[in-house]
Amino acid sequence: MSRIIFDEVSNKFWNLMKTDNLNGIMLYQPFSDQYWNERVKIVVCNYENVGYQDSQTNSLSFEHFRSWITYKKGRTVHYTTVFIHALLKLLSNEDYSLLEMKKSYSKVDDLHKSMQNITYMNIRPTSAARNRQEKGEVNRIIQKYKKELKAFIEALDADVFILSSKESVRLFNYIFDIKKNPLVFNKCKRIGNMIVFSVRHFGWFFRYSYYFKKAQEVVCIYYHKWT
């Protein structure tokens, strides 16, 4: 895959949602072109975001993403970046400890910078209206745009796809029509050249020891190409 193919797939998906008069459409994409040249292309995918339902389209830039990290109630995104920061350190074979991971929480500039060549997204392609899971609406949207969501994820050509929350696992299996040997919560599965890792929801459950161990697991499995 390439940036050109991704742009074609994503623009087609976004334009379809606009034609269908959806509000709160989230324009997720890699934060930089360097993503496509990374040795390990990483996508991190949460469940849904909140607060953008009053605009039809919303582009999440790298600069704006920093406000998501610093937002006082933005536990999910802040802890997501703590995890990704640790994962990148370990993937680079740096001597990085659990204690350093804990200290990184307050280093917003470092956390923000670590996301520069990452793709951040939610499995729901539109914004929620309130700060609680809108499962019915999410199911409806994903059923309607199942094919487009699959093409969107495939076009990102990720090596490592981090998927948070148990509900996201069910939706992911549905999007990819995986019935035999599906992705299991808190486990991993290879799909083509992409390894999908299921983790607990960053905002609902964050234990540094769990996520540090999970980052180590991702590194071990990725380098050994094991599923």
Side-chain angles (χ1 to χ4, degrees), residues 1-3 5-6 28-47 62 65 76-77 79-102 104 110-123 149-166 168-169 171-173 175-176 178 180-202 205-227:
M1 294 287 183
S2 68
R3 178 69 198 231
I5 294 174
F6 171 77
Y28 296 122
Q29 57 187 322
F31 282 134
S32 73
D33 287 340
Q34 178 57 32
Y35 166 86
W36 301 102
N37 300 316
E38 287 294 288
R39 178 172 55 89
V40 184
K41 294 192 291 295
I42 299 173
V43 175
V44 58
C45 179
N46 285 315
Y47 183 74
F62 178 63
F65 184 75
T76 298
V77 175
Y79 281 123
T80 297
T81 60
V82 168
F83 173 78
I84 293 297
H85 183 72
L87 176 59
L88 290 173
K89 294 289 187 182
L90 295 173
L91 279 169
S92 298
N93 295 315
E94 294 187 33
D95 186 13
Y96 193 76
S97 67
L98 175 60
L99 179 59
E100 288 173 301
M101 185 183 188
K102 292 178 179 178
S104 73
D110 289 345
L111 295 179
H112 182 229
K113 185 177 180 180
S114 70
M115 295 294 293
Q116 189 166 9
N117 300 322
I118 303 293
T119 299
Y120 179 91
M121 62 177 289
N122 285 280
I123 201 162
L149 277 164
K150 181 182 179 183
F152 178 88
I153 292 171
E154 289 178 333
L156 284 166
D157 196 29
D159 298 297
V160 171
F161 192 96
I162 307 296
L163 184 67
S164 83
S165 87
K166 190 172 185 178
S168 291
V169 170
L171 295 170
F172 188 90
N173 284 325
I175 290 167
F176 278 79
I178 306 173
K180 184 178 180 181
N181 299 320
L183 174 65
V184 176
F185 178 61
N186 214 31
K187 302 292 184 180
C188 70
K189 181 177 179 63
R190 180 187 293 280
I191 300 177
N193 293 322
M194 175 175 68
I195 307 177
V196 184
F197 293 89
S198 167
V199 300
R200 296 180 180 183
H201 192 283
F202 293 108
F205 174 95
F206 197 91
R207 300 290 183 274
Y208 282 97
S209 58
Y210 166 83
Y211 285 102
F212 187 75
K213 184 176 180 181
K214 182 61 70 172
Q216 291 177 314
E217 177 187 320
V218 171
V219 172
C220 181
I221 291 173
Y222 173 75
Y223 280 125
H224 288 86
K225 305 298 183 181
W226 175 88
T227 57

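Only heavy atoms go into these numbers, but all of them, side chains included; no hydrogens, no water, no symmetry mates.
- Atom SG in Cys220 sits 12.0 Å away from atom NZ in Lys213 (nearest 0.5 Å).
- Distance CG/Leu156 to CE/Met194: 9.0 Å, rounded to 0.5 Å.
- Here the side chain of Asn173 pairs no donor or acceptor atom with the backbone of Ile178 at under 3.5 angstrom.
- The environment of CG in Asp95 is sparse: at most 12 heavy-atom neighbours from other residues, nucleotides or ligands sit within 6.0 Å.
- Side-chain contact between Val82 and Tyr211: absent, with no pair of heavy atoms (C-beta onward) separated by less than 4.5 Å.
- Of all heavy-atom pairs spanning Tyr35 and Asp157, the tightest one is OH-C, 4.3 Å.
- Taking each heavy atom of Cys188 and Phe197 in turn, the nearest pair found is CB-CD2, 3.6 Å.
- With contacts defined as side-chain heavy-atom distances shorter than 4.5 Å, the pair Val199/Val218 does not qualify.
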- List the steps, then state whether side chain to side chain contact (heavy atoms under 4.5 Å, CB included) holds for Thr76 with Tyr47. CA-CA 10 Å; Thr76 298; Tyr47 183 74; over 6 Å; no
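- By the 4.5 Å heavy-atom criterion applied to side chains, Thr119 and Tyr28 are not counted as neighbours.
- Residues Ile191 and Phe172 form a side-chain contact, since some pair of their non-hydrogen atoms from C-beta on lies under 4.5 Å apart.
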- Task: Kindly indicate, with the supporting measurements, whether the criterion side chain to side chain contact (heavy atoms under 4.5 Å, CB included) is fulfilled by Phe202 and Ile162.
- Result: CA-CA 11 Å; Phe202 293 108; Ile162 307 296; 4.2 Å; yes
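- Inter-residue side-chain proximity for Val184 and Val169 is flagged as unmet; no heavy-atom pair is nearer than 4.5 Å.
- Atoms CD and NZ, from Glu217 and Lys214 in turn, are 4.0 Å apart once rounded to the nearest 0.5 Å.
- Gln216 contributes atom CD, which lies 11.0 Å from atom CG of Leu87 (distance to the nearest 0.5 angstrom).
- Annotation: side-chain hydrogen bond (donor to acceptor under 3.5 Å, both in side chains) contacts of Arg39 (sequence neighbours excluded): Tyr223.
- Note: Tyr79 OH to Ser164 OG = 14.5 Å, rounded to the nearest 0.5 Å.
- Across all their heavy atoms, Lys180 and Lys189 have their closest contact at O-NZ, 4.4 Å.
- Using a 4.5 Å heavy-atom cutoff, the side chains of Val77 and Phe65 are in contact.
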- Carefully, step by step, assess Leu183 and Phe176 under the rule side chain to side chain contact (heavy atoms under 4.5 Å, CB included). CA-CA 10 Å; Leu183 174 65; Phe176 278 79; over 6 Å; no
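- More than 12 heavy atoms of other residues, nucleotides or ligands lie within 6.0 Å of CG in Asp110, so this atom counts as buried by the packing criterion.
- Residues Phe212 and Phe83 form no side-chain contact, since every pair of their non-hydrogen atoms from C-beta on lies 4.5 Å or further apart.
- Taking all atoms of both residues into account, the shortest heavy-atom contact from Pro30 to Trp36 is CG-CZ2, 3.8 Å.
- Remark: Ser92 pairs with no residue by the side-chain hydrogen bond (donor to acceptor under 3.5 Å, both in side chains) rule, at least two apart or across chains.
- The aromatic rings of Tyr208 and Phe206 stand perpendicular to each other, their planes meeting at an angle above 60°, with 30° marking the opposite boundary.
- Between Leu91 and Val160 there is no side-chain heavy-atom pair separated by less than 4.5 Å.
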- Task: Quick one: do Ile175 and Ile123 satisfy side chain to side chain contact (heavy atoms under 4.5 Å, CB included)? Show the steps, please.
- Result: CA-CA 10 Å; Ile175 290 167; Ile123 201 162; 4.0 Å; yes
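- Separating the CG atom in Leu163 from the CE atom in Met121 is a distance of 9.0 Å, to the nearest 0.5 Å.
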- Verdict with reasoning, Phe31 to Phe62, per ring-ring contact (aromatic ring centres under 6.0 Å, His included): CA-CA 5 Å; Phe31 282 134; Phe62 178 63; 5.6 Å; yes
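- Formation of a donor-acceptor pair under 3.5 Å by the Thr81 side chain with backbone atoms of Leu111 is not found in this model.
- Of the possible polar contacts, one joining the Asp159 side chain to the Lys41 backbone as a donor-acceptor pair under 3.5 Å is found.
- The heavy-atom pair separating Asn122 from Cys45 by the smallest distance is C-SG, 3.7 Å.
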